[in-house]
Protein chains: 2
Amino acid sequence: MDVATLMLIAYRAMDERVISAMREAGYDITVAQARLAQRIAEDGSRLVDLAEQAQVTKQTASMLVAALERQGLVERVPDPTDGRARLIRFTAAGQDAADRAREVVMGVEQEWNDHLGPHLASALREALTSLRELVDPYQ
Amino acid sequence: MDVATLMLIAYRAMDERVISAMREAGYDITVAQARLAQRIAEDGSRLVDLAEQAQVTKQTASMLVAALERQGLVERVPDPTDGRARLIRFTAAGQDAADRAREVVMGVEQEWNDHLGPHLASALREALTSLRELVDPYQ
DNA sequence: TATGATAGTCAGTCTTACTGACTATATTGG
DNA sequence: CCAATATAGTCAGTAAGACTGACTATCATA
């Protein structure tokens, strides 16, 4: 089995854990929505920036933001520095959800680390970080 | 950045490499099709088995097989041991495509190993294999 | 042999993705 | 200074890939 497929297996397991924990907490978030929301900066982000970071078109990003907005998790406010743009930022409820999701991710990662042991866990992170530099050179 | 997201970044890079190499070689394969095709056994596989292994419903699997069939890469033959079932197996052209895809995957993995060095590369594989046992206990 | 399980299809829906065309605002070069 | 161009975002339309539910045909078994 190739390492990329092994990565997908682990990634999917994380996804399922996060989505199901969020569902239990009363949030109805999809994977794509979470992936976008993850990128929203503290002081708000522009749609195009979110789209670029999440590697989707701005139309797709717009739709995902709309879904998050319908659930009251994010809001769109005019960008004071650019009349064309609007800033997407978390509402209080959205911030709570984001905090909760982060906790779950860290919890699962801790489980993984416990399973692997400190040596292998740190090697995994080091290898993945190094691979990122290879495959995703900009940042 | 959490390790799961780092895994996704690397996985996507692999996906893109394989899909674009296949496209250059004249195959018009999607990621989902490739994921399913990867699971087709030498002597043919049943739809339900492919669906289970690829973690999709049998309806989805059926659609993906139909797409592969339209491109002449797989064929469905009656299962001699079970009148309800049909076996999905590669055509000669499909086998060529699968071989080509495997080469690309191995090539990219080799690049990754060269970048990481033997020590980190083997730690990465070991960690991912170990994680798989944690998150995907059946096989 | 009647009953339930299994293999697969058909129909319909939803989410996520795309392209193309568009409006509104900013920026910049002549 | 303003015409040309770039950028931010939306709207419309389409497609892939995923789902559920309902169905037929075949198999296994009590």
Side-chain angles (χ1 to χ4, degrees), chain A residues 8 11-12 15-16 18-20 22-23 27-41 44-71 73-89, chain B residues 8 11-12 15-16 18-20 22-23 27-41 44-71 73-89:
Chain A
L8 180 63
Y11 174 78
R12 277 198 180 171
D15 249 7
E16 276 167 31
V18 174
I19 296 297
S20 75
M22 294 303 282
R23 195 178 314 274
Y27 301 105
D28 199 18
I29 300 292
T30 69
V31 174
Q33 288 166 24
R35 218 128 67 198
L36 198 89
Q38 223 181 341
R39 267 94 179 177
I40 298 176
S45 299
R46 291 191 189 181
L47 191 70
V48 284
D49 295 336
L50 293 179
E52 190 191 345
Q53 287 174 46
Q55 295 182 58
V56 297
T57 60
K58 53 187 181 174
Q59 292 88 332
T60 298
S62 180
M63 193 243 320
L64 295 172
V65 167
L68 290 167
E69 202 176 20
R70 276 196 298 277
Q71 295 176 70
L73 299 178
V74 306
E75 57 187 359
R76 299 172 185 197
V77 298
D79 184 339
T81 71
D82 190 330
R84 295 167 301 180
R86 294 203 272 165
L87 292 176
I88 291 121
R89 64 182 189 200
Chain B
L8 180 63
Y11 174 77
R12 277 198 182 170
D15 250 6
E16 275 167 31
V18 174
I19 296 297
S20 76
M22 295 302 283
R23 193 178 316 272
Y27 300 105
D28 198 19
I29 299 291
T30 69
V31 175
Q33 286 166 27
R35 217 126 71 196
L36 198 88
Q38 221 181 344
R39 266 94 180 178
I40 298 175
S45 299
R46 293 190 188 181
L47 190 70
V48 284
D49 294 336
L50 294 180
E52 189 190 346
Q53 286 173 47
Q55 296 182 58
V56 297
T57 60
K58 53 188 180 174
Q59 292 89 332
T60 299
S62 181
M63 196 239 321
L64 295 172
V65 167
L68 291 166
E69 201 176 21
R70 275 195 299 275
Q71 295 175 70
L73 300 178
V74 307
E75 57 188 359
R76 299 172 173 178
V77 298
D79 184 339
T81 71
D82 189 331
R84 295 166 301 179
R86 294 203 272 167
L87 292 177
I88 292 125
R89 63 183 189 200

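These values consider heavy atoms only, across backbone and side chains, with no hydrogens, waters or symmetry-generated copies. Per chain, numbering begins at 1; letters A, B, ... match sequence-line order.
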Closest non-hydrogen contact found for A:Ile40 with A:Ile88 is CG2-O, 3.5 Å

Between the protein and nucleotides 10-16 of chain C, which nitrogen or oxygen pairs come in under 3.5 angstrom?
unit_1, atom_1, unit_2, atom_2, d
C:dT16, OP1, A:Thr30, OG1, 2.2

For nucleotides 2-4 of chain D, print each protein N/O atom paired with a nucleotide N/O atom at under 3.5 Å, atom names and distance only.
none

Sorted by chain and residue number, the side chain to side chain donor-acceptor pair (under 3.5 Å) partners of B:Asp82 (sequence neighbours excluded) come out as B:Arg84

Close N/O contacts between protein and nucleotides 28-30 of chain D (under 3.5 Å):
none

Distance col, row B:Met63:CE vs B:Leu68:CG, nearest 0.5 angstrom, shows 10.5 Å

Sorted by chain and residue number, the salt bridge (charged side-chain N to carboxylate O under 4.0 Å, His left out) partners of A:Glu16 (sequence neighbours excluded) come out as none

A:Arg89 meets the salt bridge (charged side-chain N to carboxylate O under 4.0 Å, His left out) criterion, sequence neighbours left out, with A:Glu75

Pairs of donor and acceptor atoms involving the side chains of residues 54-62 of chain B, under 3.5 Å and at least two apart or interchain, shall be tabulated with distances.
unit_1, atom_1, unit_2, atom_2, d
B:Thr57, OG1, B:Thr60, N, 3.3
B:Thr57, OG1, B:Thr60, OG1, 3.1

- request: Could you check if a side-chain atom of A:Ile29 sits within less than 4.5 angstrom of a side-chain atom of A:Gln71, using non-hydrogen atoms only?
  value: yes

Q. A:Thr57 side chain N/O closer than 4.0 Å to the phosphate oxygens (OP1, OP2) of C:dC18?
A. yes

Rounded to whole Å, CG of B:Leu68 lies from P of D:dA16 at a distance of 13 Å

Rounded to whole Å, the CG-P distance (B:Leu47 to D:dA18) equals 13 Å

Sequence neighbours excluded, the answer for salt bridge (charged side-chain N to carboxylate O under 4.0 Å, His left out) partners of A:Arg39 is none

For B:Arg23, the side chain to side chain donor-acceptor pair (under 3.5 Å) test, sequence neighbours excluded, returns B:Asp28

**Asked** Side chains of A:Arg46 and A:Asp79: does their closest heavy-atom pair fall under 4.5 Å?
**Response** yes

From CG of B:Asp15 across to P of D:dA16 the rounded distance in Å is 18 Å

Test side-chain contact (heavy atoms from CB on, under 4.5 Å), reference B:Arg35, set B:Asp15, B:Leu50, B:Thr30, output is B:Asp15

When rounded to whole Å, the CZ to C1' distance for the pair B:Arg86 and D:dC27 reads 17 Å

Whole-Å distance, B:Asp79 CG to D:dA25 C1', equals 14 Å

Whole-Å distance, A:Lys58 NZ to C:dT19 P, equals 12 Å

Applying side chain to side chain donor-acceptor pair (under 3.5 Å) to B:Arg86 and not counting sequence neighbours gives none

Rounded to whole Å, the CZ-C1' distance (B:Arg70 to D:dG17) equals 13 Å

dist B:Leu36:CG -> B:Leu47:CG (nearest 0.5 Å) comes out at 7.5 Å

From CD of A:Glu16 across to C1' of D:dC19 the rounded distance in Å is 15 Å

Residues at least two apart in sequence or cross-chain that pass salt bridge (charged side-chain N to carboxylate O under 4.0 Å, His left out) with B:Glu52, listed by chain then number, are none

Rounded to 10°, the helix from C:dT1-D:dA30 to C:dG30-D:dC1 deviates from straight, judged by its five-pair end axes, by 20°

